[in-house]
Amino acid sequence: MSTPPVALQDAGATTGAGVLEARLTGLRREDFARDVWARAPLLTRGASDFSDLFSAAAVDELISRRGLRAPFLRVAKDGATLPESSFTSPGGVGATVADQLDDTALWRSFADGATLVLQALQRTWEPIADFSTRLGTELGHPVQANAYVTPPQNRGFDAHYDVHDVFVLQVAGAKRWTIHEPVHPDPLRDQPWTGHRAAVAEAARGPARIDTVLEPGDVLYLPRGWLHAAQAQGAVSIHLTLGIHNWTRHALAEQLAQSALALLRDDPRMRGSLPLGVDGPADELGFVRERLVAALAEADPEPLFQRTRRSQARPAPMGPLAQLAAVEGLAPDSPVRLRAALEARLDGRRLTTRVGWLDFTEPDLLSVARLLDGEVHTADSLGLELVGRLMRAGVLVPAEQ
């Protein structure tokens with residue numbers, strides 16, 4: 001980790017660029033991939049105005065009016081997470097849930113210095129959902145969005161590292177960030193900072209690699225493993241954290257091994273029992289290793305990889321009533337398009353998506369391939385019967401949706 005952090009000044013939006021360049025870094029995707037991705041922190045001053053994505057009003061609405069439940073919010077103070085029972089209550093008459101957010105309790109905690117963490121905003125706040133989908137598509141890695149709302153002069157968490165890369169977007173107020181180099185570079189999902197607690201604490205006492213205050217519009221990128229802590233300054237601080245849940249070579253190796261083991265299930269010799277009196281694995285290990293190596297050479301992890309990839313996120317929202325009206329009113333000139341964020345792939349005669357799979361006859365394949373371009377098509381240009389089938393499956397939606 002010897003690469004120095006990159007600092008860009010006054011990074012303005014670029015017409016026609018993706019969100020990575022236009023709103024987060026000022027760098028083209030290929031430049032970011034070559035010089036920054038998974039290598040070093042990147043600080044971008046004045047990257048964008050994020051008021052279209054999130055705001056103080058959005059915080060208040062989500063907490064007080066949306067009926068969110070505990071999994072969508074955490075509360076932290078002085079490095080500790082508060083129990084959910086301290087900020088939730090029953091939903092009232094007609095609601096059978098007991099863990100909806102209690103805005104009065106949350107107000108008291110916030111006034112007492114606690115940080116409010118709104119989690120999984122890619123599921124609850126439409127502007128962030130759209131932004132996260134676009135960024136995830138651009139990066140090829142799943143994206144989760146959290147908001148951290150911290151009272152003046154307070155901090156939510158002690159120095160720690162994340163097991164995913166993050167983009168920190170300062171929305172309102174100011175926050176001081178201290179960044180230290182990793183004590184465990186490139187941690188996997190099951191290697192959290194708590195497993196290196198002593199090393200993290202010791203490293204955090206040393207000189208910081210970055211010590212800076214983020215102002216509204218600033219963006220900080222941190223690869224997984226980099227230690228960080230943050231403290232609000234003279235006003236309430238709101239920042240968004242976009243967590244990039246990295247695919248790793250280790251994850252691909254796991255999928256390759258699973259695919260190989262699936263092949264070995266069809267080998268009668270591998271399903272056979274070990275002989276009586278075997279005193280350990282050594283007597284059989286040579287044969288098993290030989291068969292496993294052969295299966296690894298033959299295994300194709302692509303199907304498992306694609307299934308896992310599709311499961312990491314959800315497709316774009318689709319209103320059931322609007323979809324029903326569109327199906328019932330389907331006409332030859334009805335404009336339709338592929339539902340966004342479906343991760344649709346056509347393999348032979350099978351279309352696989354995040355909402356399931358469909359098989360097609362040879363005459364329909366050309367139309368199915370055409371709709372994968374994501375452009376708007378009329379129903380008659382694809383085939384009225386085919387379009388109806390795909391709309392009922394939740395694959396096609398009206399062009400205006």
Side-chain angles (χ1 to χ4, degrees), residues 5 7 11 23-25 41-64 68 72-82 87 101 103 105-122 124-125 127-128 131-132 143-162 164-180 204 208-222 226-243:
R23 304 208 61 181
L24 297 181
T25 68
L42 173 68
L43 175 60
T44 307
R45 298 291 188 188
S48 182
D49 176 6
F50 299 118
S51 60
D52 61 317
L53 298 181
F54 207 61
S55 65
V59 174
D60 285 344
E61 180 174 338
L62 284 163
I63 288 176
S64 65
L68 296 186
F72 287 105
L73 187 129
R74 283 185 297 154
V75 180
K77 184 180 179 185
D78 297 332
T81 300
L82 304 186
F87 58 85
L101 303 188
D103 49 6
L106 286 168
W107 152 245
R108 291 170 179 165
S109 294
F110 185 70
D112 193 39
T115 289
L116 310 181
V117 186
L118 285 156
Q119 303 190 122
L121 287 170
Q122 79 279 1
T124 61
W125 195 248
I128 292 179
F131 189 86
S132 299
V143 175
Q144 176 189 350
N146 293 350
Y148 293 76
V149 187
T150 307
Q153 307 301 332
N154 280 273
R155 63 183 175 87
F157 299 93
D158 292 331
H160 64 284
Y161 66 72
D162 294 321
H164 50 263
D165 291 19
V166 298
F167 286 96
V168 177
L169 287 57
Q170 190 67 29
V171 174
K175 210 162 197 178
R176 180 186 175 189
W177 286 76
T178 52
I179 313 298
H180 292 80
R209 178 69 170 273
I210 300 174
D211 188 340
T212 190
V213 174
L214 296 189
E215 303 282 353
D218 293 345
V219 174
L220 175 65
Y221 164 75
L222 292 177
W226 282 76
L227 312 186
H228 54 277
Q231 180 166 339
Q233 300 300 287
V236 172
S237 166
I238 303 175
H239 78 261
L240 293 171
T241 293
L242 305 179

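Every value quoted in this text rests on a predicted model; they were computed, and no experiment measured them.
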Indicate yes or no: at least one non-hydrogen side-chain atom of Val75 is less than 4.5 angstrom from one of Leu116. yes
Is it the case that the side chain of Lys77 and the backbone of Asp112 share a donor-acceptor pair, with hydrogens and angles ignored and the cut-off at 3.5 Å? yes
Heavy-atom nearest pair, Phe87 first then Ala105, reads CA-CB, 3.9 Å
With rounding to the nearest 0.5 angstrom, report the CD1 to CZ distance, Ile128 to Phe50. 11.0 Å
So which heavy atom on Ala174 is nearest to which on Val213, and how close? CB-CG1, 3.8 Å
With distance as the sole test, does Gln122 use its side chain to make a donor-acceptor pair with the main-chain N or O of Ala145 at under 3.5 Å? yes
Would you give the length of the straight line joining atom OG1 of Thr115 to atom CD1 of Ile238, rounded to the nearest 0.5 angstrom? 11.5 Å
Output for pair (Trp125 CH2, Leu62 CG), nearest 0.5 Å, gives 5.0 Å
How many angstroms lie between atom CZ of Arg74 and atom CD of Gln119, to the nearest 0.5 angstrom? 4.5 Å
Apply side chain to side chain contact (heavy atoms under 4.5 Å, CB included) to residues Leu118 and Val59 and explain how you reach the verdict. CA-CA 8 Å; Leu118 285 156; Val59 174; 4.2 Å; yes
Does a side-chain heavy-atom distance below 4.5 Å link Leu121 with Phe131? no
For Thr212 and Leu220, run side chain to side chain contact (heavy atoms under 4.5 Å, CB included): C-alpha distance rounded to whole Å, both residues' side-chain angles, the deciding distance at 0.1 Å, then the answer. CA-CA 10 Å; Thr212 190; Leu220 175 65; 5.7 Å; no
So among His180, His160, Arg209, which one has a side chain to side chain donor-acceptor pair (under 3.5 Å) with His228? His160
Nearest-0.5 Å distance that lies between atom CH2 in Trp107 and atom CD1 in Ile63: 12.0 Å
Side chain to side chain, Thr81 and Phe157, heavy atoms closer than 4.5 Å: yes
Distance (rounded to the nearest 0.5 Å) between Gln233 CD and Leu214 CG: 10.0 Å
Between Arg23 and Ala47, which heavy-atom pair has the shortest distance, and what is it? O-CB, 3.6 Å
Quick check: do Thr25 and Tyr221 have side-chain heavy atoms less than 4.5 Å from each other? no
Using only heavy-atom distances, determine whether the side chains of Thr178 and Gln231 contain a donor-acceptor pair under 3.5 Å. no
List the steps, then state whether side chain to side chain contact (heavy atoms under 4.5 Å, CB included) holds for Phe54 with Leu169. CA-CA 10 Å; Phe54 207 61; Leu169 287 57; over 6 Å; no
Between Ser64 (side chain) and Asp60 (backbone), is there a donor-acceptor pair under 3.5 Å? yes
Any sub-3.5 Å donor-acceptor pair from Asn146's side-chain atoms to Leu242's backbone N or O? no
Taking every heavy atom of Pro151 against every heavy atom of Phe110, the minimum-distance pair comes out as CG-O, 3.3 Å
Show your reasoning for whether side chain to side chain contact (heavy atoms under 4.5 Å, CB included) applies to Val236 and Val149. CA-CA 7 Å; Val236 172; Val149 187; 4.1 Å; yes
Please verify the inter-ring angle class for His239 with Trp177; under 30° counts as parallel, over 60° as perpendicular, anything in between as tilted. perpendicular
Of all heavy-atom pairs between Gly234 and Pro152, which one has the smallest distance, and what is that distance? C-CB, 4.0 Å
Ignoring hydrogens, what is the shortest heavy-atom contact between Ala204 and Leu227? Give both atom names and the distance. N-CD1, 4.5 Å
